[in-house]
Amino acid sequence: MIDKTTAEHYQWGDNCDGWYLVKQQDLLIIHEKMPPNTAEQRHFHQHARQFFFVLSGELTMERQGEVPAQKGIEIPPQMVHQARNESQAAVEFLVISQPSTRGDRQEC
């Protein structure tokens, strides 16, 4: 059983948090939390297809616009993207990647 409170935790960007729920080469599922007014670096993945599902708050995804809570968006391989939290509240979301994005990320 996977539990966010015991999952492997990491920090990224400007005080953003991530928890590995599934960490396999063929599948990566991460629960992420972005504080208000934070953003990740623009990037793309050569092989990984990703699906972002917003649990709470509102995520802004470059080129796709705002993604409200309980909605999701798919990012195909090689599409440049950037997740941003432009709101005044934290946003929490799942990122499902197949295959894993480890070693597959190219910064822009």
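More than 12 heavy atoms of other residues, nucleotides or ligands shown are found within 6.0 angstrom of CD on Gln46. Taking a 6.0 Å sphere around NZ of Lys71, one finds it holds 12 or fewer heavy atoms contributed by other residues, nucleotides or ligands. Under a cut-off of 6.0 angstrom, the local environment of CZ in Arg102 is sparse, with at most 12 non-hydrogen atoms contributed by other residues, nucleotides or ligands.
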| task | Show the numbers, then the answer: is there a side-chain contact (heavy atoms from CB on, under 4.5 Å) between Lys23 and Glu8? | result | CA-CA 9 Å; Lys23 190 177 177 183; Glu8 181 183 343; 3.2 Å; yes
| field | Stepwise salt bridge (charged side-chain N to carboxylate O under 4.0 Å, His left out) check, Arg42 with Glu62 | value | CA-CA 9 Å; Arg42 293 179 78 239; Glu62 179 181 280; 2.8 Å; yes
Could you go through residues 47-59 and list every donor-acceptor pair under 3.5 Å that involves a side-chain atom there, pairing it with any protein atom two or more places apart or in another chain?
| from | atom 1 | to | atom 2 | distance (Å) |
| --- | --- | --- | --- | --- |
| Arg49 | NH1 | Glu74 | OE2 | 2.6 |
| Gln50 | OE1 | His45 | NE2 | 3.3 |
| Gln50 | OE1 | His81 | NE2 | 3.1 |
| Gln50 | NE2 | Ser97 | OG | 3.0 |

Distance-only criterion, 3.5 Å: show the donor-acceptor pairs between side-chain atoms of residues 24-35 and protein atoms not counting sequence neighbours.
| from | atom 1 | to | atom 2 | distance (Å) |
| --- | --- | --- | --- | --- |
| His31 | NE2 | Glu92 | OE1 | 2.6 |
| Glu32 | OE2 | Tyr10 | OH | 2.8 |

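Note that OG1 of Thr60 is 10.0 Å distant from CD of Gln82, once rounded to the nearest 0.5 Å.
Minimum interatomic distance between Gln41 and His43 (heavy atoms only, all atoms of both residues): O-ND1, 2.8 Å.
In the hydrophobic clustering (ILVMFWY side chains linked at under 4.5 Å, chained through shared members), Val80 is joined by Phe44.
Using a 4.5 Å heavy-atom threshold, the side chains of Lys4 and His9 count as separate. The closest side-chain heavy-atom distance from Ile75 to Gln64 is below 4.5 Å.
In this structure a side-chain-to-backbone donor-acceptor pair under 3.5 Å is present from Asn85 to Ala89.
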